[in-house]
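What follows is one structure encoded as structure tokens, with my remarks underneath.
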Amino acid sequence: MASGDVWILGANMTKFGKRPNDDVIDLAAEAAMAALADGGVTMADIGILGVGNLMNAGAGIGQQLQKQVGQTGIPVYNVANACATGATALRVAIMAVKAGETDMGMAVGVEKLAGAGLLGQGGPRAASDTWQPNGRYGALGSTEGRIGTNIMPGVFAQVGMEYGHKYGGTSFELFAKISEKNHAHSTLNPLAAYQKRFSLDEIMNDVMIAYPNTRPMCSGNCDGAAAMVVVSDAKLKKLSRAQQKRAVKISASVLTSDPWQESCQVLPDVNTLTRNAAEQAYEQAGIGPADLDLVELHDCFATAELVHYDNLLLCEQGGAADFFESGAPWRDGSMPVNVSGGLQSKGHPIAATGIANIYEVATHLRGEAKDRQIKGAKVGLAHVIGLGSACGVHILEKAA
Amino acid sequence: MAKATSKSAKKKSKADAKKTKNAKNAKNAKNTKKTKKKAGAATKASGPKRNGKQIPFVDYLVLGKTPYLRANECKSCAARFFDRRNACASCSGTEFKRARVKNRGIVTSFSIVAMGPQPYVSAIVDCDGTSVRTTLIGVEPTPEKVTLGMPVKLATYPMGLDTEGTEAIAFGFAPA
Ligand SMILES: [Zn+2]
């Protein structure tokens, strides 16, 4: 426990899926109470609260959560940062502990999305009688379909196809195989929204959403929450031996945004900022990709998973297709990726996702992942990206 | 009195225009016979007359004999933007000039978006160093017909007339 390190003391994610009887606050409270209990602490120990929620970003979900689990007067930061919202909430808690403002903080990410359909599907504009230029591009109507696509399934399909154009080796079948892997992994994760194994044929013949992604190759919107209690090493030393043994070290915590790239105004560039975040994270942690025992990365679509093998430096530049074909990212491979089932099976309650992926890695490092445990896991990486873009990368290490 | 009449006339023509729009939608959505019939009648009753004016679907499409896409180009680093910027996202320069984007390019990425009533091809086209987002036109939206690296060129097509008879023109890229 080097001075200045921040540790995960308690962590939890709710079962993801349809939760018709729970509202946003119920879900947030469930994860928060469980994370506190997991860490052996209560709200009275928490000095700062970071709360992520995208769909009700103006509603003060953090304060509503306090009313539900404990109003202690501590500062609350409600954050919204696209799909990286949860990781951003966690970064707020980590930064506050690092800055010495408090010795213990909590982050919660929560979303209710079941039945919301696919991400980012905007409605058409109202019709008028004469052509009226509207908005930043002076468009006469909705640009969706008229000027390509700007909604998630198509955008991320293009992200994968762009990789194929650049390096070759991709195909509809390859992308479908990535989905086959994640759905197979999900059968071992009781917290996943969907635990159904699909054959390659089933995936390829399912409803096409945006070629080359069929329905099982897209992340499902669902309800869920995740929470995490973080603690300074000075405070951790004063806690019980049992708490210390289960604590997980946050070796790196990084958040990046898009640096300028020529094509980023027409197709979001999810690559450069992820690569930057990964490089910074490896540097912070003092490790390399070869030291990782497992990775949870942001597979909002099967096409996205492929490019992030490369962006997170899990393979040679341009070698993502070969990396996948080698079997490396399967749970029994050399670099298990998304053993939780990934967002394609686990589900994607947006603001919870960026904490849930860290929960998954931490659970393996604690040796508590039961059926899906990656044996002897000591170091893991969690990645999340929100379009626009914001990328969070965290590297975790098992307590020595 | 005259004013009122002209107002109500305008109202009527507005209503007709809405019906015309409905007709288009109905056709697209392959709607019920009933809607089609009704819409057809409306179109016959009064269709807007061409006034000779055209308007581009987006302001960076420049119409004329040879239509082209126009970008705002940073004077210091030549980064291009289809919308306005206060400072260049690439170099922070604050001076821009208008630049003509090449009309030919190659498809560097695409997706066949199948969520609506009709599938369409969304593509990124590299026009000699300037990336353009577009819908591909004049090509069947199947993975057999659309390929990475295929050469394409800018093409325009009419979207229809408004109540004043102005014609909207949209762009796409078609196989070259
Ligand atoms: Zn510039």
Side-chain angles (χ1 to χ4, degrees), chain A residues 117-118 121 124 127-151 153-166 168 170-172 207-215 218 258-267 269 301 303, chain B residues 13-15 17-18 21-22 25 55-60 79-84 88-91 106-116 118-126 129-136 141-143 146 148-149 159-164 166-168 170-172:
Chain A
L118 287 157
Q121 215 160 354
S128 68
D129 303 314
T130 54
W131 298 115
Q132 296 294 342
N134 205 331
R136 182 153 279 261
Y137 299 97
L140 302 181
S142 167
T143 59
E144 194 56 37
R146 189 71 75 175
I147 301 185
T149 187
N150 207 24
I151 57 176
V155 166
F156 278 98
Q158 290 177 113
V159 162
M161 295 296 278
E162 183 191 41
Y163 191 88
H165 175 70
K166 218 167 162 185
T170 63
S171 63
F172 175 29
V207 177
M208 183 59 73
I209 302 294
Y211 179 88
N213 288 324
T214 63
R215 191 168 48 189
C218 305
D258 282 340
W260 159 255
Q261 292 285 309
E262 188 281 322
S263 65
C264 70
Q265 67 161 339
V266 293
L267 179 65
D269 171 28
F301 298 89
T303 42
Chain B
S13 90
K14 263 189 185 179
K18 265 191 188 138
K21 266 200 179 149
N22 285 343
N25 289 343
I55 182 169
F57 178 63
V58 282
D59 58 15
Y60 61 89
R80 287 178 170 185
F81 307 90
F82 287 115
D83 58 349
R84 58 190 184 272
C88 173
S90 170
C91 77
I106 60 156
V107 172
T108 60
S109 184
F110 72 89
S111 173
I112 304 163
V113 181
M115 288 172 288
Q118 300 289 336
Y120 65 88
V121 185
S122 171
I124 306 300
V125 176
D126 177 2
T130 303
S131 295
V132 176
R133 187 174 86 218
T134 188
T135 296
L136 291 189
T142 65
V146 184
L148 291 169
M159 289 172 63
L161 305 177
D162 66 11
T163 47
E164 290 169 2
T166 300
E167 186 174 42
F171 77 89

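Letters A, B, ... mirror the listed sequences (proteins, then strands); counts begin at 1.
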Applying a strict 4.5 Å limit to non-hydrogen atoms, the region of B:Pro141 in contact with chain A is neither
Exercise. Does the pair B:Thr142 and A:Tyr211 meet the rule for a side chain to side chain contact (heavy atoms under 4.5 Å, CB included), with working shown?
Worked result: CA-CA 9 Å; B:Thr142 65; A:Tyr211 179 88; over 6 Å; no
CD (A:Gln158) and CD1 (B:Ile124) are apart, to the nearest 0.5 Å, by 4.5 Å
Bottom line for B:Thr108: the part with an atom under 4.5 Å from chain A's heavy atoms is both
Of A:Gly160, A:Ala157, A:Gly145, the largest count of non-hydrogen pairs under 4.5 angstrom with chain B goes to A:Gly145
CG of A:Leu140 to OG1 of B:Thr166, rounded to nearest 0.5 Å, is 10.5 Å
Between A:Gly154 and B:Val113, the two heavy atoms sitting closest are CA-CG2, 4.4 Å
Closest heavy-atom pair, B:Ala170 versus A:Arg146, reported as atoms and distance to 0.1 Å, is CB-CD, 4.0 Å
Honestly, the part of B:Ala79 sitting under 4.5 Å from a heavy atom of chain A is both
Looking only at B:Gly116, B:Cys91, B:Gly149, B:Ala114, most heavy-atom pairs under 4.5 Å shared with chain A are made by B:Ala114
Honestly, the part of B:Leu136 sitting under 4.5 Å from a heavy atom of chain A is neither
Original post:
Is a donor on one side and an acceptor on the other found under 3.5 Å between the side chain of A:Gln265 and the backbone of B:Asp83?
Top reply: no
In A:Lys166, A:His165, A:Met161, the residue satisfying side-chain contact (heavy atoms from CB on, under 4.5 Å) with B:Ser109 is A:Met161
- Going by the angle between their ring planes, with limits at 30° and 60°, are A:Tyr137 and B:Tyr60 parallel, tilted or perpendicular? perpendicular
The interface call for B:Phe82 against chain A, heavy-atom contacts under 4.5 Å, is both
Q. Okay, side chain of A:Glu262, backbone of B:Ser131: is any donor-acceptor separation there less than 3.5 Å?
A. yes
Look at the side chain of A:Asp129 and the backbone N and O of B:Thr163, then say whether any donor-acceptor pair between them is shorter than 3.5 Å.
no
task = Check whether any side-chain N or O of B:Ser90 sits under 3.5 Å from a backbone N or O of A:Trp260 as a donor-acceptor pair, and report yes or no.
result = no
Between B:Thr134 (side chain only) and A:Gly148 (backbone N and O only), is there a donor and an acceptor less than 3.5 Å apart? no
Check the pair B:Ile112, A:Met208 against side chain to side chain contact (heavy atoms under 4.5 Å, CB included), reporting the backbone distance first and the verdict last. CA-CA 9 Å; B:Ile112 304 163; A:Met208 183 59 73; over 6 Å; no
Nearest heavy-atom approach of B:Ala168 to A:Trp131 is CB-CE2, 3.4 Å
Between B:Arg133 and A:Val266 the two heavy atoms that sit nearest each other are CD-O, 3.4 Å
Are B:Ser111 and A:Asn213 side-chain neighbours, meaning at least one heavy-atom pair lies under 4.5 Å?
-> no
